[in-house]
Amino acid sequence: MIDLLPAHLVRAALGLVLGAVLGMVARRGRFCTLGAIEDAVYARDTRRARAWLLATGIAVVGTQLLESEFGLDLARSIYAGPHLEWGAMILGGTMFGFGMALVGTCSFGALLRLGGGDLRALLVLLVLGLAAYMAISGLTAFLRVTITEPLSLDLGSQRLGALLGLDRTSRVAFSVVAGIGLCIVALTSKNFRQARRLWFGAIAIGLVIVAGWWTNGSAGFDEFETRAVGSFSFARPVGDTLLYAMLASGTRIDFGVASVVGVVLGSFAAARAAGEFHWEAPDDAREVKRHLLGALLMGTGGVTALGCTIGQGLSGLSTLSVGSILALGAILVGARAGLYYLVDRHA
């Protein structure tokens, strides 16, 4: 049956289902990058950070096995290409992280909040999607390219194994060991091992990232298409979703749009099941201004860095790309700077 459908509809159908699973388990498992940073910095609680490490380790192992055993071509992804835009990774990642702190969550977290009835998240997503497309081909695109294009390197490949000069077999072994190492580090904490909701959610999220690669690189792959192979990301796809909502007759639904809708639906189902769904609105004009600025920074930064906390942080890291490591590091630095601006300087 699946072979009879166009490739983009296969990707859309699987993206909707997998996005719903991702939304459900992330909400139930309290999976949040900014929340993990806040817990670690202000409460000295690393459990959510360890959940993030566990999800990343599983995604690394699963993605590498997909490539070595099932023909996934990671060379077709935006993370593994020869052109390392290090300036864009640093600038975009820092912008995204700072914006994330201003909003109180990332683009993925905003989708989870929207599923729970938070109207502030709707405002954030509308501005984020608009800012993303402005950075792709709109008013800020020329400035983005002018600043970041000279700040790049040609490496031949951005993947760690290739940069270390390893052959194919050794690269797979190195990547699997690295992924397992991340899982081991995450599980060394007894407190984390006892938090079943956290580690169960992390395992599920890691597997969903792998399933996203399988969807785009195998089940819904069309060798005649020129599109890049990828997994979940929530920067540009939010803009794509807004564009599809306005121009459905002139565009076609694909994995990114369907996954955005799926996450909201999955979060909604989890919120209703837990009795957590309730409508929320901004408290005052000051909060609205902070959310608007944060959304603008996340949309622009997410496109500049080629991904968000999920796109670069999980999907990108699963390829062990130097660019993804650099982007994630910049996101973390930006988020910490944003938290300092909001919290520490007033203490």
Side-chain angles (χ1 to χ4, degrees), residues 22-60 93-94 96-113 115-116 118 120-121 124 178-209 234 263 266-267 270-271 274-276 280 290 294 298 308-310 312-314 317-318 325 327-347:
L22 188 61
M24 291 178 66
V25 298
R27 186 173 186 92
R28 290 286 295 164
R30 298 176 56 241
F31 192 88
C32 174
T33 306
L34 183 66
I37 297 172
E38 289 176 320
D39 287 354
V41 172
Y42 297 114
R44 299 295 186 266
D45 181 356
T46 63
R47 288 179 299 172
R48 286 209 280 180
R50 291 175 183 275
W52 202 94
L53 280 180
L54 180 58
T56 303
I58 291 171
V60 169
T94 304
F96 187 94
F98 197 91
M100 178 171 70
L102 293 180
V103 171
T105 190
C106 63
S107 48
F108 174 63
L111 293 171
L112 296 179
R113 288 184 175 183
D118 192 334
R120 293 168 297 188
V124 166
I180 292 174
L182 290 175
C183 295
I184 292 173
V185 170
L187 293 169
T188 53
S189 167
K190 181 179 179 181
N191 288 337
F192 175 64
R193 293 196 303 272
Q194 292 176 338
R196 293 186 177 182
R197 179 181 292 188
L198 292 181
W199 61 255
F200 176 80
I203 292 172
I205 288 169
L207 292 175
V208 170
I209 295 298
F234 298 101
V263 167
S267 176
E276 297 173 350
E280 293 185 66
R290 180 164 52 83
M298 282 200 294
C308 58
T309 52
I310 301 296
Q312 286 285 21
L314 287 177
L317 276 189
S318 68
I325 296 172
L328 178 62
I331 289 173
L332 296 179
V333 169
R336 183 64 187 94
L339 290 174
Y340 175 84
Y341 172 77
L342 291 173
V343 179
D344 299 274
R345 73 188 183 104
H346 298 301

Do Leu182 and Leu54 touch side chain to side chain, with heavy atoms closer than 4.5 Å? no

Close side-chain approach of Phe234 and Cys106, heavy atoms under 4.5 Å: no

Can you give me the closest heavy-atom contact between Gly104 and Arg113, atom names plus distance? O-NH2, 3.0 Å

Rounded to the nearest 0.5 Å, what's the gap from CZ on Phe192 to OG1 on Thr46? Could you check? 9.0 Å

Where Thr56 and Gly313 come nearest, the two heavy atoms and their spacing: OG1-O, 4.1 Å

How far does CD1 of Ile310 sit from CG of Leu22, to the nearest 0.5 angstrom? 6.5 Å

Residues Glu38 and Leu339: closest non-hydrogen pair is OE2-CD2, 3.6 Å

Does any N or O in the side chain of Ser267 come within less than 3.5 Å of the main-chain N or O of Met24, such that one atom is a donor and the other an acceptor? no

Name all pairs fulfilling the side-chain hydrogen bond (donor to acceptor under 3.5 Å, both in side chains) condition that reach into residues 181-190, sequence neighbours left out, sorted by first residue then second. Arg50-Thr188

Flag side-chain contact, heavy atom, 4.5 Å: Val333 against Phe98: no

Look only at the side chain of Arg48 and the backbone of Arg30, and say whether a donor-acceptor pair between them is shorter than 3.5 Å. yes

Taking all atoms of both residues into account, what is the closest heavy-atom pair of Cys308 and Ser107, and its distance? CB-OG, 3.7 Å

Output all residues satisfying salt bridge (charged side-chain N to carboxylate O under 4.0 Å, His left out) with Arg27, sequence neighbours left out; order by chain, then residue number. Glu276

Checking side chain to side chain contact (heavy atoms under 4.5 Å, CB included) for the pair Gln312/Leu317: CA distance, chi angles, key distance, verdict? CA-CA 6 Å; Gln312 286 285 21; Leu317 276 189; over 6 Å; no

pair Met100-Leu34: side-chain heavy atoms closer than 4.5 Å: yes

How about CZ on Arg28, more than 12 heavy atoms from neighbouring residues, nucleotides or ligands closer than 6.0 Å, or not? no

Looking only at non-hydrogen atoms, find the nearest pair between Gly116 and Ala271 and report the distance. CA-CB, 4.0 Å

Could you tell me whether the side chain of Ile58 reaches within less than 4.5 Å of the side chain of Leu207, counting heavy atoms only? yes

Give me the atom names and distance for the closest heavy-atom approach of Ala110 to Thr105. N-CG2, 3.6 Å

Verdict with reasoning, Val25 to Phe31, per side chain to side chain contact (heavy atoms under 4.5 Å, CB included): CA-CA 8 Å; Val25 298; Phe31 192 88; over 6 Å; no

What verdict does the side chain to side chain contact (heavy atoms under 4.5 Å, CB included) test give for Leu102 and Tyr341, after you've listed the backbone C-alpha separation in whole Å, the side-chain angles of each residue and the deciding distance to 0.1 Å? CA-CA 9 Å; Leu102 293 180; Tyr341 172 77; 4.2 Å; yes

State which residues pass side chain to side chain donor-acceptor pair (under 3.5 Å) with Arg47; sequence neighbours excluded, sorted by chain then number. Asp45

Do Thr309 and Ile331 have side chains that approach each other closer than 4.5 Å (heavy atoms only, starting at C-beta)? yes

Quick one: are Tyr42 and Val343 in side-chain contact, heavy atoms under 4.5 Å? yes

Contact check, side chains of Phe108 and Thr33, non-hydrogen atoms, under 4.5 Å: no

